[in-house]
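What you see is a predicted model, and the numbers here were worked out from it, not measured in a lab.
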Amino acid sequence: MNAWMKYFKTIPTHMDYDGQARAERLARVIITLFGVVGLTWGYIIQQFSQTIYILDAGFVMAALITVPPWPMYRRKPLDWQKPQSEMTTKPKKKK
């Protein structure tokens, strides 16, 4: 059981800001594309249920592509400032 916990803790769970923007943009494109195709196909065959099925498939596809933190969403990590120790910081004097 302990080995499983170590394995799960090694899985990255973060996305950088650029990756978040890329994932959001990709999700919007996928859902819009599937919505247009679904609406067109549903209109052609006169079945609104087919529109919903195609839109649902697009939503599932977008979720699988954009929700997990894939490596393509972690390409530009932020360089955070290193923490300073209390000895190196000087307190400001009040006048």
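By the criterion of side-chain heavy atoms lying less than 4.5 angstrom apart, applied directly or through intervening Ile, Leu, Val, Met, Phe, Trp or Tyr residues, Met15 is grouped together with Met72 in one hydrophobic cluster. Both Met61 and Trp70 are members of a single hydrophobic cluster when ILVMFWY side chains are connected at heavy-atom separations under 4.5 Å. With hydrophobic clusters built from ILVMFWY side chains whose heavy atoms lie under 4.5 angstrom apart, Phe34 shares a cluster with Trp41.
Applying the salt bridge (charged side-chain N to carboxylate O under 4.0 Å, His left out) rule to Lys76 yields the partners Asp18; only residues at least two apart in sequence or on another chain are considered.
Atoms CD and CD1, on Gln50 and Ile44 in that order, are 12.0 Å from each other to the nearest 0.5 Å. Put simply, CG on Leu39 and CZ on Phe48 are 8.0 Å apart, with the number rounded to the nearest 0.5 Å. Between the CG atom of Asp16 and the CZ atom of Arg22 there is a distance of 7.0 Å, given to the nearest 0.5 Å. Considering CD1 of Ile65 and CD1 of Ile30, their distance stands at 4.0 Å, rounded to 0.5 Å.
The other members of the hydrophobic cluster of Leu55, by chain and number, are Ile31, Phe59 (side-chain heavy atoms under 4.5 Å, ILVMFWY only).
Between Pro68 and Ala63, the closest heavy-atom pair is CD-O, 3.4 Å. Pro69 approaches Pro12 most closely through the heavy-atom pair CG-O, 3.3 Å.
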Legend entry - Derivation and outcome, side-chain contact (heavy atoms from CB on, under 4.5 Å), residues Thr66 and Tyr73: CA-CA 9 Å; Thr66 61; Tyr73 301 129; 3.7 Å; yes

Legend entry - side-chain contact (heavy atoms from CB on, under 4.5 Å) evaluation trace for Thr13 with Phe8: CA-CA 10 Å; Thr13 58; Phe8 284 124; over 6 Å; no

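In this structure, Thr32 contributes its side chain and Val29 its backbone to no donor-acceptor pair below 3.5 Å.
In Arg74, the CZ atom is crowded: over 12 heavy atoms of neighbouring residues, nucleotides or ligands sit closer than 6.0 Å.
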